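As the structure is a prediction and not an experimental result, all values here were calculated from the model.
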Amino acid sequence: MQQTFEHLLGLPSAAAVSILASYGILNVEIVPTAAPPRRSPSPEDALRTDEGERMGYASTRVVAVENDGRRLIVSRFLTGDPRDRERSGL
């Protein structure tokens, strides 16, 4: 029986891997995907990086689950607004 794991969609990748481990699914393959680069990049695009994620401006989320949960397709989304930090004086 194939499992769909639709409940993992939209979750941060680390949370999805933890949930899969609780089902006994280990060694999950994480496959990053991204939209093509914009013709006119915005300053926020620079935050869609590992460093932007460490700073809390981006998050890698599950966009698809394949192979009975053994492969997660993930994409990085902007989840924080750098202008909020500027307004608060941080």
Side-chain angles (χ1 to χ4, degrees):
M1 181 173 136
Q2 184 176 6
Q3 298 182 49
T4 61
F5 295 106
E6 291 174 353
H7 59 287
L8 301 179
L9 297 178
L11 291 179
S13 56
V17 168
S18 294
I19 291 169
L20 289 168
S22 74
Y23 285 102
I25 300 171
L26 307 173
N27 300 321
V28 175
E29 178 184 10
I30 307 273
V31 180
T33 186
R38 297 182 197 199
R39 289 184 183 158
S40 301
S42 70
E44 288 83 18
D45 289 340
L47 297 173
R48 204 171 297 173
T49 61
D50 290 339
E51 184 176 344
E53 192 160 351
R54 282 190 295 276
M55 294 170 59
Y57 296 125
S59 178
T60 302
R61 303 287 176 132
V62 177
V63 295
V65 182
E66 299 176 344
N67 197 17
D68 288 337
R70 288 173 176 74
R71 182 181 302 122
L72 298 178
I73 310 300
V74 299
S75 189
R76 187 172 282 141
F77 294 89
L78 291 176
T79 54
D81 187 348
R83 293 173 290 215
D84 289 342
R85 182 173 265 193
E86 291 168 9
R87 284 190 286 261
S88 68
L90 296 176

Spell out, yes or no, whether Val62 and Ile73 are grouped together once hydrophobic residues are joined by side-chain heavy atoms under 4.5 Å, including indirect joins.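 In one cluster: no.
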Quick one: are Phe77 and Val63 in side-chain contact, heavy atoms under 4.5 Å?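 They are in side-chain contact.
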I want to check something: taking the side chain as every heavy atom from C-beta on, are Leu20 and Leu8 in contact at a cut-off of under 4.5 Å?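 The answer is yes, as the side chains (C-beta and beyond) meet within the 4.5 Å cut-off.
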Could you pull out all residues at least two apart from Thr60 that satisfy side chain to side chain contact (heavy atoms under 4.5 Å, CB included)?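 With sequence neighbours excluded, Thr60 shows a side chain to side chain contact (heavy atoms under 4.5 Å, CB included) to Ser13, Glu53, Val74, Arg76, given in chain and number order.
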Donor-acceptor pairs are to be reported for all side-chain atoms of residues 25-37 against protein atoms at under 3.5 Å, with residues two or more places apart or in another chain.
unit_1	atom_1	unit_2	atom_2	d
Glu29	OE1	Arg71	NE	3.0

